[in-house]
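Below is one structure, written out as structure tokens; the observations come after it.
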Amino acid sequence: MKPLIDPKRLDLAAEFRARPFGRHSPELQGALDIMHRPEHCQDMILVSIEPGKWVLGQRLPDGKPPRLFEDLVFASLEDGEWEAFKRRWKALSGEDLKLP
């Protein structure tokens with residue numbers, strides 16, 4: 001089965017790393033649209049656990065509080081978004097994201 005994200009498109013990952021928020025190229029936006037589809041995003045969210053500290057979480061059904069993954073604490077929202085991007089990249093490309 002062909003991966004949904006081309007693992008050779010490291011240019012898209014580099015673009016996201018440089019600017020996780022704001023306008024993206026059409027190619028990156030297309031990849032992000034795939035990554036954020038409910039069936040692919042693993043219900044992953046970022047949760048502020050205190051000022052300046054973020055963790056990944058998993059959204060749960062029926063309005064339950066999210067399950068928090070407190071093994072990695074991020075000092076910025078950007079760092080948390082980058083980790084979520086890398087996890088989605090692996091899930092959809094089949095390969096770990098390795099930028100030069």
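Residue W54 is not grouped with residue V73 when hydrophobic side chains (ILVMFWY) are merged at heavy-atom distances under 4.5 angstrom, including chains of intermediate members.
R19 contributes a side-chain N or O that, together with a main-chain N or O of R23, makes up a donor-acceptor pair within less than 3.5 Å. With D6 contributing its side chain and K8 its backbone, the two residues share a donor-acceptor pair below 3.5 Å.
Here the options are M35, R37, R87, the test is side-chain contact (heavy atoms from CB on, under 4.5 Å), and the partner is L92; only M35 passes.
For E81, there are no salt bridge (Lys or Arg N to Asp or Glu O under 4.0 Å) partners at least two apart in sequence or on another chain. By the side-chain hydrogen bond (donor to acceptor under 3.5 Å, both in side chains) test, R67 pairs with Q58, sequence neighbours left out. By the side-chain hydrogen bond (donor to acceptor under 3.5 Å, both in side chains) test, H24 is found to be paired with no residue, residues two or more places apart in sequence or in another chain being considered. With sequence neighbours excluded, the residues that form a salt bridge (Lys or Arg N to Asp or Glu O under 4.0 Å) with E50 are K53. The side-chain hydrogen bond (donor to acceptor under 3.5 Å, both in side chains) search around D33 returns Q29, not counting sequence neighbours. Residues forming a side-chain hydrogen bond (donor to acceptor under 3.5 Å, both in side chains) with R9 (at least two apart in sequence, or on another chain): D11.
Closest approach of L4 and I34 over heavy atoms only: O-CD1, 3.9 Å. Of all heavy-atom pairs between L60 and P65, the closest is CD1-O, 3.2 Å. Taking each heavy atom of S25 and L12 in turn, the nearest pair found is OG-CD2, 4.4 Å. Scanning all heavy atoms of the two residues, the minimum distance from K98 to L10 falls at O-CD1, 3.5 Å. The two residues W89 and A13 come nearest to each other via the heavy atoms CZ3-CB, 4.2 Å.
Between V55 and L72, every side-chain heavy-atom pair lies at or beyond the 4.5 Å cut-off. Side-chain contact between L32 and F85: present, with at least one pair of heavy atoms (C-beta onward) separated by less than 4.5 Å. With a 4.5 Å cut-off on side-chain heavy atoms, P66 and I45 count as touching.
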Exercise for the section: Take F16 and L97, measure what side chain to side chain contact (heavy atoms under 4.5 Å, CB included) needs, and give me the verdict at the end. Expected result: CA-CA 12 Å; F16 183 85; L97 178 55; over 6 Å; no
